[in-house]
Amino acid sequence: RWYEVQLDGTKCYRKAVIGSVSDYKTEAEAQKAADALRLEINEQTPRQQLQAISTETLVEHYRQHELPDIVQGTRPLGSQAGEDETRKSFSTQTTYAGYLRKWILPRWRSYRLADVKPIHVEQWLKSLPVSRGTKAKIRNIMSALYSHAQRWEWTTSNPIKHVRQSAKRARVPTVLTPQQVKDFLANLADPAKTAVLLGALTGLRVGELLGLKWSDIDFEKLEINVIRDVVKQRIERCKTEASKKAIPIDAELAETLWSRRLRCPYNQPNDWVFASPRQKGRQPYWPGSLFRIALQPALKAAGIAGPVGWHTLRHTFGTLMKANGEDVKTIQELLRHANYKVTMDVYTQAVTEVKRTAHSRVARQIMGEKKGGEDEG
């Protein structure tokens, strides 16, 4: 409960319900929520009094405003994203909540905003037993916290901007050869077989792949319209504007999809292409479940080693296009990247024979063509 000063100088009594005992099971949890709300109520408090804001209080305020679907439980299974373009996707909110709980709060919860120094954060990140990519994600979330504090005018600087942390991959993503893809498919049965084939031939992200409905496939134009992305069984908007572009499909692939539609019990326009029988078609398959049940055994049977996941199909699609000599713009358009640098730096690799051929072309230009019978050694 509090009094709010009105424009005419009078005070108006206000009150707000923080939550129930089911939302906050301990007094400490309720106090954290109250502290976050108190920050908004006391917006007119002099800045020097706000310097005492702790990281824990900032995190709670950030969670309530930026991660509402996690805090308030407003996104049940099967729900669709709202119209708010600034609202983070459910998967992003889940990721942020996990990083805040597991890494950031245990180390920095008692620190005041002004006491968090770049060099201390940098040294802490170096000590964490995680990949560079994970460290970079932690750094970025901490930076987002301070940006949130700047928007609310609780701090004038973001010290995390000065924290150096590389996001360079520790290992190169696995890419399958055409023969490996064939062996993989030979050990699969539908619906996993069609899902893997479609992923390998279109480069669709797994959420886009399992989020397809029959109405999204134009069998006359031989195109797929990517409308949605299903993450943790919540329907999200596509990742970027570029992701919404229609992608072409080969006529033989279209025949395979049409054949599946004829055999599938869920074949109406608004049905999921990969509808889960367990959910009576109301939801698509969970990607993790389908991978464990079908894809993992097939990979083992095909003798394919190394870390392989759904995203391997996307990397494979991009790399094979590059090996076939496709131009960068075409690859970017088919992968639906907003930036061609992502296409070339992350999603395509030069395969060994292509590298050897490219090297040999330059060698022949400089050294000249080999004379007949000349020994390579």
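Hydrogens, waters and symmetry mates play no part in the numbers below; they use all other heavy atoms, side chains included.
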- Query: How would you list, by chain and number, every residue that makes a ring-ring contact (aromatic ring centres under 6.0 Å, His included) with Trp108, sequence neighbours excluded?
  - Reply: Tyr111, Trp124
- Message: According to ring-ring contact (aromatic ring centres under 6.0 Å, His included), who are the partners of Tyr62, at least two apart in sequence or on a separate chain?
- Response: His148
Just by modelled atom types, is the [Y] backbone N or O under 3.5 Å from a matching donor or acceptor in the [X] side chain?
X	Y	answer
Ser259	Glu255	no
Trp103	Ile138	no
Gln93	Lys88	yes
Thr316	Leu176	yes
Trp310	Gly207	no
Gln233	Pro284	yes

State which residues pass side-chain hydrogen bond (donor to acceptor under 3.5 Å, both in side chains) with [X]; sequence neighbours excluded, sorted by chain then number.
X	value
Arg139	none
Asp216	Arg228
Glu122	Arg164

Partners of [X] by side chain to side chain contact (heavy atoms under 4.5 Å, CB included), sequence neighbours excluded?
X	result
His162	Pro118
Asp183	Gln179, Ala302
Arg109	Glu56, Leu105
Pro269	Ser215, Arg261

- Task: Please list, chain by chain and in numerical order, all residues satisfying salt bridge (charged side-chain N to carboxylate O under 4.0 Å, His left out) with Glu223, sequence neighbours excluded.
- Result: none
Check whether any side-chain heavy atom of [X] sits under 4.5 Å from a side-chain heavy atom of [Y], and report yes or no.
X	Y	value
Thr94	Ile70	yes
Ile293	Trp286	no
Leu204	Leu212	yes
Leu188	Leu197	no

- Any chance you could lay out the side chain to side chain contact (heavy atoms under 4.5 Å, CB included) test for Phe90 and Val231, step after step, and finish with the verdict? CA-CA 7 Å; Phe90 184 81; Val231 182; 5.9 Å; no
When the side chains of residues 272-281 are checked against the rest of the protein, which donor-acceptor pairs come out under 3.5 Å, sequence neighbours left out?
unit_1, atom_1, unit_2, atom_2, d
Trp272, NE1, Arg282, O, 3.1
Ser276, OG, Arg278, N, 3.4
Ser276, OG, Gln279, N, 3.4

- Task: Assess whether side chain to side chain contact (heavy atoms under 4.5 Å, CB included) is satisfied between Leu201 and Asp250, documenting all intermediate values.
- Result: CA-CA 9 Å; Leu201 295 183; Asp250 180 76; 5.9 Å; no
- Item | Rounded distance [0.5 Å steps], SG in Cys264 versus CG in Leu257 | 11.5 Å
- Task: Start with the C-alpha gap between Asn270 and Gln268, add the side-chain angles, then the distance that decides, and say whether side chain to side chain contact (heavy atoms under 4.5 Å, CB included) holds.
- Result: CA-CA 6 Å; Asn270 206 41; Gln268 297 305 302; 5.8 Å; no
- For residues 189-198, pull every pair meeting side chain to side chain donor-acceptor pair (under 3.5 Å), keeping only residues two or more places apart or in separate chains. Asp190-Thr194, Asp190-Arg263
